[in-house]
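Worksheet for the structure shown next.
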Number of protein chains: 2
Amino acid sequence: MHRSHPRTKFRSGCPLNASVEILGDRWSLLIIRDMMLRGLRSYTQFLDSYEHIATNILAHRLKKLEAYGIIATHQDPLDGRKLIYTLTQKGMDLAPILTEMVLWAAAHEDTQNPELIRQIKKDKQKFIAAVRQKWVENSSHTD
Amino acid sequence: MHRSHPRTKFRSGCPLNASVEILGDRWSLLIIRDMMLRGLRSYTQFLDSYEHIATNILAHRLKKLEAYGIIATHQDPLDGRKLIYTLTQKGMDLAPILTEMVLWAAAHEDTQNPELIRQIKKDKQKFIAAVRQKWVENSSHTD
DNA sequence: TCTTTTCACTTGCAATTAACAAGTGATCTG
DNA sequence: CAGATCACTTGTTAATTGCAAGTGAAAAGA
């Protein structure tokens, strides 16, 4: 493991295509949401999240996200069984994408969490800054 | 066809989850990019695009995007064989998401199209406004 | 007019990926 | 030291994707 980068090249050089190849599936962004907005950090926490990802898919996605440098894995110093997953800087830089995706769905689909939407609409940049600040405070970013 | 909405409900009420369920695959956003940034409007044009989508997948994606109200389909008045695919307002509202995805990949992956990236970085809002203006001018939005 | 080409697909099949259920080994807790 | 918890792995089945070929309607060319 701990490949710094996957071996396959992208289908094209288009930056949007790169994003789609890295993030374009039904689970990756939800794992990142759980880390970024809900502060989740462990395998079982992700398993127990709203949408109920299958355990083998979760394992694969965590490996992929780590391979792309979006998350980092550390051992819990207090519990030898536990692993702690954290967002890297690259992972935190996904905040604007998640934010825009929340706004789009809130505007065009029937969704919940009006408080989150209200907060983002009120001041988008402030929201992103607050999320980033929380990450700076909580993380041991040795990555 | 022409269902106004797919019958299945989302896995959760989270707005990000809705976006992921609608857009989270390896092709949808690329079709939207081709329409939004490259002005493509027909089936064969999408087939011939950079990443070479398979024809059956393209047909499925177009149906899905239409079912979600992201694109609209019209007959070409000058050619009975041709169908013209256009973005709806809901589809145009994806511009900020695409823009942020381009910026993220440009910052963290090895990508091409530096001119596009320069333009977006220079003034993001102006870029989005220009894309939207082009759509207003070119589209027959009877949707 | 009649053949060929273009257009938007569909169909069939193989390969890949996702989802579900159960199990594993290391570690911790009571 | 028994049972629970942790982060997974290992089957197996279902669904999706990708590839190649084909189809029917409409247009263009000879």
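On a predicted model such as this, the values are computed, not experimentally measured, just so you know. A, B, ... follow the sequence lines: proteins, then strands. Residue 1 opens every chain.
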Scan nucleotides 28-30 of chain C against the protein and return all N/O pairs shorter than 3.5 Å with their distances rounded to 0.1 Å.
| from | atom 1 | to | atom 2 | distance (Å) |
| --- | --- | --- | --- | --- |
| C:dC28 | OP1 | A:G80 | N | 2.4 |

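- The residues B:R132 and B:E137 are annotated as not salt-bridged, no charged nitrogen and carboxylate oxygen being separated by less than 4.0 angstrom.
- Applying the 6.0 Å contact sphere to CG of B:D79 captures more than 12 heavy atoms from other residues, nucleotides or ligands.
- Between A:L30 atom CG and C:dA18 atom C1' there is a gap of 15 Å when expressed in whole angstrom units.
- Distance CD (A:E21) to C1' (C:dT16): 15 Å, rounded to an integer number of Å.
- Using a 4.0 Å cutoff on non-hydrogen atoms, the parts of residues 42-49 of chain A near DNA chain D are A:S42, A:Y43, A:T44, ordered by number.
- Atom CG of A:N56 sits in a crowded spot, with more than 12 heavy atoms from other residues, nucleotides or ligands closer than 6.0 Å.
- Taking a cutoff of 4.0 Å between a charged side-chain nitrogen and a carboxylate oxygen, B:R81 and B:D76 do not qualify as a salt bridge.
- Pairing each heavy atom of B:G24 with each of A:R26, the nearest pair is O-CG, 3.7 Å.
- Distance CD1 (A:I84) to C1' (C:dT27): 15 Å, rounded to an integer number of Å.
- When all heavy atoms of B:L98 and B:L29 are compared, the pair lying nearest together is CD2-CD2, 3.5 Å.
- Of the charged side-chain nitrogens involved, none lies within less than 4.0 Å of a carboxylate oxygen, so that A:R61 and A:E66 do not count as a salt-bridged pair.
- The side-chain tip of A:R41 does not point at the ring of A:F46 from less than 6.0 angstrom away and within 45° of straight on.
- Using a 4.5 Å cut-off on side-chain heavy atoms (C-beta onward), B:T111 and A:C14 make no contact.
- A:R41 places its CZ atom 16 Å from the C1' atom of D:dC6, with the value rounded to the nearest Å.
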Can you tabulate the close N/O pairs, meaning under 3.5 Å, that link protein atoms to atoms of nucleotides 17-21 of chain D?
| from | atom 1 | to | atom 2 | distance (Å) |
| --- | --- | --- | --- | --- |
| D:dT17 | OP1 | B:R61 | NH2 | 2.8 |
| D:dT17 | OP2 | B:R61 | NH2 | 3.0 |
| D:dG18 | OP2 | B:W27 | NE1 | 2.8 |
| D:dG18 | N7 | B:N56 | ND2 | 3.2 |
| D:dC19 | N4 | B:N56 | OD1 | 3.4 |
| D:dC19 | N4 | B:N56 | ND2 | 2.6 |

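- Looking at every heavy atom in both residues, A:R11 comes nearest to A:E21 through N-OE2, 2.6 Å.
- Rounded to whole Å, the distance from NZ on A:K64 to P on C:dT16 is 16 Å.
- Contact record, B:M92 with B:L87: SD-CD1, 3.9 Å, taken as the closest heavy-atom pair.
- The nearest whole Å value for the distance from the CG atom in B:L83 to the C1' atom in D:dA27 is 15 Å.
- The separation between A:L58 atom CG and D:dT10 atom C1' is 16 Å, rounded to whole Å.
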